[in-house]
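These notes are about the structure you will find just below.
These values consider heavy atoms only, across backbone and side chains, with no hydrogens, waters or symmetry-generated copies.
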Amino acid sequence: MRLFLRLTALAFVLLLSGCESDDEQQLKVLDLTTTNLVGTWKLSETYVSPGGETSWQPVEDGSSYTFTQEGTFTSDNNENCAEGEYTVDDDNLALTYTCEELEEGQADVWNLAVHSLTEEVLILRGVGCVEACLYKYKKI
């Protein structure tokens, strides 16, 4: 009986240590590279503080970005301009809108910091935010 219990315990330990769960795969942090960014990302939650405590808030029908391997993107975030080019440098993501339809005073380059990137989740942070301002995008 002892041998059976030991073998069962050993098999259980080997089974747990030999497999990577879906949750672990989703939480595996990736480097910010063009290859890891390629795909469509949809805004699902925000973590924005107006000066006090905050928590993640769900976003209904959030905007999305689609990044290509060639360094271009499309987005439904800006109704006057839906396309541009992007660059990655360390943990920074620069979106350069290439449309002539931008309104006066509207920035043609958005600089964002990448807080974290996994296979399933991209969290962006506004550069220069004093309080918390995080935007969670899920890969679709």
Side-chain angles (χ1 to χ4, degrees):
M1 183 66 168
R2 282 186 173 170
L3 179 61
F4 175 74
L5 289 175
R6 286 183 184 167
L7 289 174
T8 303
L10 179 62
F12 185 70
V13 168
L14 289 174
L15 179 67
L16 288 178
S17 65
C19 298
E20 192 173 286
S21 73
D22 288 340
D23 289 341
E24 289 172 342
Q25 188 66 18
Q26 290 178 11
L27 297 175
K28 184 178 178 183
V29 178
L30 303 174
D31 291 330
L32 177 61
T33 64
T34 300
T35 301
N36 290 337
L37 196 58
V38 167
T40 300
W41 301 87
K42 186 169 183 70
L43 182 64
S44 62
E45 297 178 72
T46 60
Y47 188 89
V48 179
S49 171
E53 289 189 33
T54 192
S55 61
W56 284 106
Q57 299 298 314
V59 173
E60 288 187 31
D61 197 31
S63 61
S64 63
Y65 288 97
T66 300
F67 298 99
T68 69
Q69 185 70 37
E70 293 75 29
T72 62
F73 74 91
T74 56
S75 173
D76 58 6
N77 191 32
N78 184 336
E79 64 185 49
N80 295 323
C81 185
E83 59 190 35
E85 299 173 348
Y86 74 93
T87 57
V88 294
D89 182 29
D90 293 325
D91 289 333
N92 297 310
L93 172 63
L95 304 176
T96 304
Y97 286 88
T98 56
C99 306
E100 294 181 16
E101 296 85 19
L102 290 173
E103 293 179 12
E104 186 175 329
Q106 195 172 22
D108 60 345
V109 178
W110 289 21
N111 291 304
L112 302 162
V114 176
H115 181 72
S116 64
L117 173 63
T118 69
E119 289 183 8
E120 304 281 329
V121 176
L122 168 65
I123 300 179
L124 298 175
R125 184 179 71 241
V127 174
C129 285
V130 176
E131 300 292 334
C133 53
L134 300 172
Y135 305 91
K136 184 184 291 184
Y137 290 82
K138 291 195 176 177
K139 197 164 200 177
I140 55 174

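In terms of heavy atoms, C99 sits closest to A82 at SG-N, 3.9 Å.
Expressed to the nearest 0.5 Å, how far CZ of R125 lies from SG of C133 amounts to 8.0 Å.
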Give the table of side-chain donor-acceptor pairs shorter than 3.5 Å for residues 37-48, with sequence neighbours excluded, one pair per line with atom names and distance.
| unit_1 | atom_1 | unit_2 | atom_2 | d |
| --- | --- | --- | --- | --- |
| T40 | OG1 | T66 | OG1 | 2.8 |
| W41 | NE1 | L37 | O | 2.8 |
| K42 | NZ | G62 | O | 2.8 |
| S44 | OG | K136 | O | 3.3 |
| E45 | OE2 | K136 | NZ | 3.4 |

Considering only distance and modelled atom types, tabulate donor-acceptor pairs under 3.5 Å from the side chains of residues 29-36, sequence neighbours left out.
| unit_1 | atom_1 | unit_2 | atom_2 | d |
| --- | --- | --- | --- | --- |
| T33 | OG1 | N36 | N | 3.1 |
| T33 | OG1 | N36 | ND2 | 3.3 |
| T35 | OG1 | Q69 | NE2 | 3.4 |
| N36 | ND2 | D31 | O | 2.8 |

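In terms of the side chain to side chain donor-acceptor pair (under 3.5 Å) criterion, Y86 has no residue partners (sequence neighbours excluded). Residues meeting the side-chain contact (heavy atoms from CB on, under 4.5 Å) test with A94, sequence neighbours left out: T87, N111. Applying the ring pair (Phe, Tyr, Trp, His ring centres under 6.0 Å) criterion to Y135, with sequence neighbours excluded, gives no partner residue. Residues that satisfy the side chain to side chain donor-acceptor pair (under 3.5 Å) test with T72, not counting sequence neighbours, are T68.
Applying the side chain to side chain donor-acceptor pair (under 3.5 Å) definition to pairs two or more places apart or across chains, those involving residues 52-63 are S55-Q57. Pairs engaging residues 84-99 under the salt bridge (charged side-chain N to carboxylate O under 4.0 Å, His left out) rule: none recorded [sequence neighbours left out].
Between L95 and L112 there is a side-chain heavy-atom pair separated by less than 4.5 Å. Contact check for Y65 versus N77: side-chain heavy atoms found under the 4.5 Å cut-off.
The backbone N or O of S64 sits less than 3.5 Å from a side-chain atom of S75, completing a donor-acceptor pair.
Of the candidates I123, L122, V88, L117 forms a side chain to side chain contact (heavy atoms under 4.5 Å, CB included) with just one, namely L122.
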### Task
Would you please test L124 and H115 for side-chain contact (heavy atoms from CB on, under 4.5 Å) and show each step?
CA-CA 5 Å; L124 298 175; H115 181 72; over 6 Å; no
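Below 30°, between 30° and 60°, or above 60°: for F73 and Y97 the angle between ring planes is above 60°, a perpendicular geometry.
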